[in-house]
Amino acid sequence: MGPRVPEPISYSEWRPSGASISKRKNAILENTETPTKRQKLNASEQVPSTIGTVGQPFVNPRIVPVGFVWDSVDYSCGYDATFTILANLWLENRARWSANFTFLGTNLGSLGVNLQRVIDRSFSLEQARDIIRRKMHSTHPALFPYGPNGTSIDRIADNLLPSHHYGNGRQHCPLCGFSDGKTYSILESAMSVTLDPSIEYPQGVTIQEWLNSVVSRGRGWCQRCRLRGVRSKLVMRTKFDSVSPLMIFSIDHARLKFNEYIIFDCNNLPVRLRLRGIIYGGQAHFTSRFVDKEGVMWFHDGITTASRCLEEVGYRSILDLLSLQRCGDKHAVAVVYAKEY
Ligand SMILES: [Zn+2]
């Protein structure tokens, strides 16, 4: 069974306010010829991409985000959803993001190199995707299969963003001051947001609140207090010298609310990462939303919108960021934050 093709209108479950509604409707009407076929479009049928196809001149009068066309033979929706966000981020500042990608991981670095070849018209966007995919498959064939088999976004994120640790934690007892003298690595670029059952989170807990709990959470109980029959939970004090320019959080909690910005204290200076993408999953298919630097949200589905992204609204006009948890019949499975430049 292939992924179910959603109705073109189905991703409009949430509603922006005021005038933006008509703008958004127009965006959909403008794209009525958007292909809805399951099979991959052949070259002559392809909707012209703003990034250009091989041999075609590169014309991009307005920054319109690009999208990856779904591969109906070797299902690619997980890569399409993730790479659409990353490629559009890269397009906004190629030099900066090429350097960041190379710093963050080998395969992510290759994605930057191959995106440059798309700009140079040596590759199509999908060829750039497939090269990275082949590398991922060759090292972990079971995790990144070919054929009508999917992968998961957290696997893709872990592969693209292998361990770099940000933040050193030292834990102490708030009652007696005991410290185990160890240094703990706290933060990585790819993280799974799992809620600690021992903590009472507020309704609509935010990514920032979850992060705050992670960086301050001690590992277990105080040994010294235990000797005198007192239970005291250790507390982590974390120091950040730097923060990853790109973070992907995979999520499994439907009530999680996305902050517009997440903020880290780096040597007493606030470092901000901004919400730049959300990946949605359901019915054996992934789609995504990219937030451009102006704050406009774009919807992409490798099947229905193919090489295009459909303009939605600025997410600041959405009254309740909790509503970003859903997109049509799918729910958020990962969220992408990036440092601003
Ligand atoms: Zn103690």
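Counting only heavy atoms from C-beta outward, the side chains of Val66 and His300 never approach each other to under 4.5 Å. In this structure, Trp298 and Val296 have side chains that are in contact, with non-hydrogen atoms separated by less than 4.5 Å. Side-chain contact check for Phe249 versus Ile262: some heavy-atom pair is nearer than 4.5 Å. The side-chain heavy atoms of Glu126 and Asp80, taken from C-beta on, include no pair separated by under 4.5 Å. You'll find the side chain of Arg231 stays beyond 4.5 Å of the side chain of Arg226, heavy atoms only. Side-chain contact check for Gln171 versus Asp180: some heavy-atom pair is nearer than 4.5 Å. In this structure, Tyr75 and Thr151 have side chains that are not in contact, with every pair of non-hydrogen atoms separated by 4.5 Å or more. Counting only heavy atoms from C-beta outward, the side chains of His331 and Tyr280 never approach each other to under 4.5 Å.
Judged as a salt bridge (Lys or Arg N to Asp or Glu O under 4.0 Å), and not counting sequence neighbours, Asp120 has no contacts. For Arg170, the side chain to side chain donor-acceptor pair (under 3.5 Å) partners at least two apart in sequence or on another chain are Thr183.
Between Tyr79 and Phe144, the ring planes lie tilted relative to each other; the angle falls in the 30° to 60° range.
Here the side chain of Gln116 pairs no donor or acceptor atom with the backbone of Val113 at under 3.5 angstrom. Formation of a donor-acceptor pair under 3.5 Å by the Trp90 side chain with backbone atoms of Leu115 is not found in this model. Ser76 contributes no side-chain N or O that, together with a main-chain N or O of Trp70, makes up a donor-acceptor pair within less than 3.5 Å. In this structure, Glu188 contributes its side chain and Tyr166 its backbone to no donor-acceptor pair below 3.5 Å. A donor-acceptor pair under 3.5 Å links the side-chain atoms of Asn259 to the main chain of Gln208, judged by distance alone.
You'll find the ring centres of His164 and Phe103 inside the 6.0 Å limit.
Note that CD1 of Ile263 and CG of Asn212 are 10.0 Å apart. Values are rounded to the nearest 0.5 Å. To the nearest 0.5 Å, atoms OG (Ser213) and CG (Leu195) are separated by 8.0 Å.
Summarising the geometry of Thr84 relative to Cys309, their closest heavy-atom pair is CG2-SG, 4.1 Å, with the distance given to 0.1 Å. Listed here is the closest heavy atom pair of His165 and Ile186: CD2-N, 4.4 Å. The two residues Pro162 and Leu104 have their closest heavy-atom pair at CD-O, 3.4 Å. Nearest heavy-atom pair across Ile132 and Leu160 is CG2-CD2, 4.4 Å. Nearest heavy-atom pair, Phe290 versus Arg276, reported as atom, atom and distance to 0.1 Å: CD1-O, 3.4 Å. In terms of heavy atoms, Cys266 sits closest to Val271 at SG-CG2, 3.6 Å.
Residue Leu125 is grouped with residue Ile119 when hydrophobic side chains (ILVMFWY) are merged at heavy-atom distances under 4.5 angstrom, including chains of intermediate members.
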Inset, instruction - Show your working on side chain to side chain contact (heavy atoms under 4.5 Å, CB included) between Asp241 and Asn267 and close with a plain yes or no. - result: CA-CA 6 Å; Asp241 290 323; Asn267 296 321; 3.3 Å; yes

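A cation-pi arrangement, defined by a distance under 6.0 Å to the six-membered ring centre and an angle within 45 degrees of its axis, is absent between Arg129 and Phe83.
No side-chain N or O of Thr305 forms a donor-acceptor pair with one of Asp301 less than 3.5 Å apart. Inspection of the Asn88 and Asp292 side chains reveals no N or O donor paired with an N or O acceptor under 3.5 Å. Of the N and O atoms on the side chains of Trp221 and Ser232, not one donor lies less than 3.5 Å from an acceptor on the other residue.
Dense packing is recorded around CD of Glu340, with more than 12 heavy atoms of other residues, nucleotides or ligands lying under 6.0 Å away.
Within the structure, side-chain hydrogen bond (donor to acceptor under 3.5 Å, both in side chains) pairs that include any residue of residues 131-150 comprise Ser110-Lys135 (at least two apart or interchain).
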